[in-house]
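Everything numeric here is computed off the predicted structure, so don't read it as measured data.
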Amino acid sequence: MAVVAPERIRLEIDGMTCASCVARVEKALNGLDGVDGASVNLATEGATVAFDPSQLGVEQLIGAVESIGYHAALPLERERPEPDRSVRARLLLAAVLTVPVAVLGMIPPAQFSGWEWVALSLAAIVVLWAGWPFHRAAAVNLRHRAATMDTLISLGTLAALVWSAVVLVAGLDADTYFEVGAVIVTLILLGRYLEARARRRSGDAIRKLLELGAKEARALREGEEVLVPVAKLRPGDRFVVRPGEKIATDGIVEEGESALDQSMLTGESAPVEIEPGADVAGATINTYGRLVVRVTKVGGDTALAQIARLVEEAQSGKAPVQRIVDRISAVFVPIVIGIALATLAGWLLATGDASAAFTAAVAVLIIACPCSLGLATPTALMVGAGRGAQLGILIKGPEVLEETRRIHTIVLDKTGTVTVGKLELVDVHPLNRAWRTEALRLAGAVEAASEHPVGQAIARAARSEIGALPPVTGFRNLPGLGVCGAVEGLDVEVTRRDGAITVAWDGEPRATFVVHDTVKPTSREAVGELRALGLTPILLTGDTEETARRVAAEVGIDRVIAEVLPDQKVAVISRLQDSGEVVAMVGEGINDAPALAQADLGLAIGTGTDVAIEASDLTLVSGDLRAAADAIRLARRTLRTIKANLFWAFAYNVAAIPLAVAGLLNPVVAAAAMAFSSVFVVTNSLRLRRFRSPREEAA
């Protein structure tokens, strides 16, 4: 029986206001047969759902959400209004009407005969119309036997209005609280407005990323340049990129040379030189040359689209600590309602003062609203993941954050990670009275016919230094030894034995060549940054011990594990873990993928293979090893921000609820504090936008 792979979709959800809402929606989705996992995010107002399409469809997922009182839809099915605009109108009216109510209720000299009736009229408009979203949500929740933050706000404000109206109409000798209901609604609307604006700012990075792509391309049609929408390009099409223009989509350069500004994708400020055969990514900027590019990827397959998708997936996930918060929030609101009722009863029994009892109970309801708990993790993730994308760092999911704190050993694959991954000839040593130029010319001529990386390095150096090379005849590959052929009547042989490369003719060795994989210019600096983070670097390679030691010494690494076959890398990581080390691995090749998956934290160089990137937890788009230090630093900073948010959200409730029960907290002050707590959490998360990489400061 064939196994159907889970499908993953994103739903936009309207109506969620707190962590209790998140818990309810997740419970509804995860309770469906066929759902492999649903994660709901308050900050992004969405849900990511993995499900078996053979068991249920999108309609059932949407139906499950709407059955508990929320609205759900696929992202492309509708235009969503800006969240701050939907609150602004109610806030403006509430503020205008609340000011005179507060003045009349709190400043005796401003009171006149019959002022209570004016206060009742104005407060009723504020509580019932401006506060209508709270009451509507509370009613929907009540129908589904649930309670959320809106339930607390609705109960508190309606209680203040109804109590005051009864006192006024019945002529009772008790205090009225018209200003309490009006001020609470206004302050909470203000908090939501500021929160919505801040949340929108926290998603700016991903929106700007998606807007980077070119809108039009100069497609080549029968030799003529035709301006077409990028969406009409197909793999195999060719298009022209003039100086200063953006690359329309991913492709391969067929004609021209230039330098590309890739800072928007990789975070690197220095342009990268390209020539025919080079891979280019859409949205990068051509600086000076005219290029002709053949399309390889379009739409959702492009590097830009994949980066955006990875960032969105990271933002929609949950850190382990947030899942605990969600479970607490699911029962938090009913407990608070119970505390409020107990407070009311306790004050009435202890003092008989109905006004004091009412004030304390309302303060409990308002101060305990758990919206800040629901925002603590997702807003920090949104900002952290978005900032990472700007720096060319992709965080696969929030679980990664915890691992960055635990690791203390980082294994660096040599080729393509610490080194360029491209062999270069660095020296020629003539022998037996041969000339350097002659040895390089003859060896280069033979090696030009070889596909071996060593041979290509020698041939490339020979062409660069000498120019055109003479033809070779009778070329033969000597498996495991080298190559040979006839050049200008001489039988030339280039052999590779015991790490030495020798060219010989007329039966005598004429020169030895030194070929090295050059170290990336920034690798030594990167190793220093990793050490500063408390990590111990280890160089891992299949090269000889001698070569490995040379590279390690050049970049400042003490521990070396050399002569490791590709299939042995996983065993090396396992041995380190078995010895008690918590291991991060940085690699870029197909043969690194199993080791990246085995490591406690896998970091893939983005210039490497898709397989390695898929197996990793963090992707470094730029290929600069310094980004590994940036990634760990940013992930740790994001985790610290999440924990600080949760601490203050919990501390606020733990400290404030007892004060409210004791009658030491005015409901108006409680409303202001509750609104401030949400704004504080979002604003604290926005500080991650100021995270700076040493790479930026050095640019």
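- The backbone N or O of His71 lies less than 3.5 Å from no partner atom in the side chain of Asp14, so there is not a single donor-acceptor pair.
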Step-by-step side chain to side chain contact (heavy atoms under 4.5 Å, CB included) determination, Glu7 to Ile9: CA-CA 7 Å; Glu7 183 177 332; Ile9 65 164; 3.8 Å; yes
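- The backbone N or O of Gly299 lies less than 3.5 Å from a partner atom in the side chain of Thr302, making a donor-acceptor pair.
- Taking every heavy atom of both residues into account, Val40 and Val22 meet most closely at O-CG1, 3.6 Å.
- Taking every heavy atom of both residues into account, Ser685 and Ala380 meet most closely at OG-N, 3.3 Å.
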Check against side chain to side chain contact (heavy atoms under 4.5 Å, CB included), Trp117 and Leu122: CA-CA 9 Å; Trp117 294 99; Leu122 298 179; over 6 Å; no
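- At least one donor-acceptor pair under 3.5 Å links the side chain of Trp347 to the backbone N or O of Val661.
- Of all the heavy atoms in Ile62 and Ala73, the pair that sits closest is CD1-CA, 4.2 Å.
- Between Thr157 and His135, some side-chain heavy-atom pair lies under the 4.5 Å cut-off.
- At least one donor-acceptor pair closer than 3.5 Å links the side chain of Tyr177 to the backbone N or O of Ser355.
- Under the 4.5 Å side-chain criterion, counting only non-hydrogen atoms from C-beta, Leu120 is in contact with Phe178.
- Pairing each heavy atom of Ala361 with each of Ala340, the nearest pair is CB-O, 3.6 Å.
- For Arg10 (side chain) and Leu74 (main-chain N/O), no donor-acceptor pair under 3.5 Å exists by modelled atom type.
- For the pair Pro694 and Arg633, the minimum side-chain heavy-atom distance is below 4.5 Å.
- Counting non-hydrogen atoms of other residues, nucleotides and ligands closer than 6.0 Å to CH2 of Trp132 gives a total of 12 or fewer.
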Test log, rule side chain to side chain contact (heavy atoms under 4.5 Å, CB included), inputs Glu45 and Ile13: CA-CA 5 Å; Glu45 297 180 301; Ile13 301 176; 5.8 Å; no
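- Across every non-hydrogen atom of Arg387 and Arg689, the tightest pair is NE-O, 3.6 Å.
- Counting heavy atoms from C-beta on, the side chains of Glu26 and Ser39 come closer than 4.5 Å.
- Here Phe691 contributes atom CZ and Leu391 contributes atom CG; the two are 6.5 Å apart, rounded to the nearest 0.5 Å.
- Shown here is Trp648, whose CH2 atom has no more than 12 heavy atoms of other residues, nucleotides or ligands within 6.0 Å.
- Contact annotation: the side chain of Thr151 never approaches that of Phe134 to less than 4.5 Å [non-hydrogen atoms, C-beta and beyond].
- Between the OG1 atom in Thr641 and the CG atom in Leu688 there is a gap of 4.0 Å [rounded to 0.5 Å].
- Within the 4.5 Å cutoff, the side chain of Arg8 has heavy atoms near those of the Thr48 side chain.
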Worked check of side-chain hydrogen bond (donor to acceptor under 3.5 Å, both in side chains) between Thr176 and Ser164: CA-CA 4 Å; Thr176 58; Ser164 301; 5.0 Å; no
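- Taking all atoms of both residues into account, the shortest heavy-atom contact from Ala182 to Thr98 is O-OG1, 3.5 Å.
- Arg640 CZ to Asn684 CG: the interatomic distance, rounded to the nearest 0.5 Å, is 11.5 Å.
- Residues Met106 and Glu179 meet the side-chain proximity criterion, which asks for heavy atoms closer than 4.5 Å.
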Trace of the side chain to side chain contact (heavy atoms under 4.5 Å, CB included) decision for Asp36 with Phe51: CA-CA 5 Å; Asp36 193 43; Phe51 67 100; over 6 Å; no
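- Taking CG of Leu344 as the start and CG of Leu365 as the end, the distance is 9.5 Å to the nearest 0.5 Å.
- Under the 4.5 Å side-chain criterion, counting only non-hydrogen atoms from C-beta, Val35 is in contact with Leu61.
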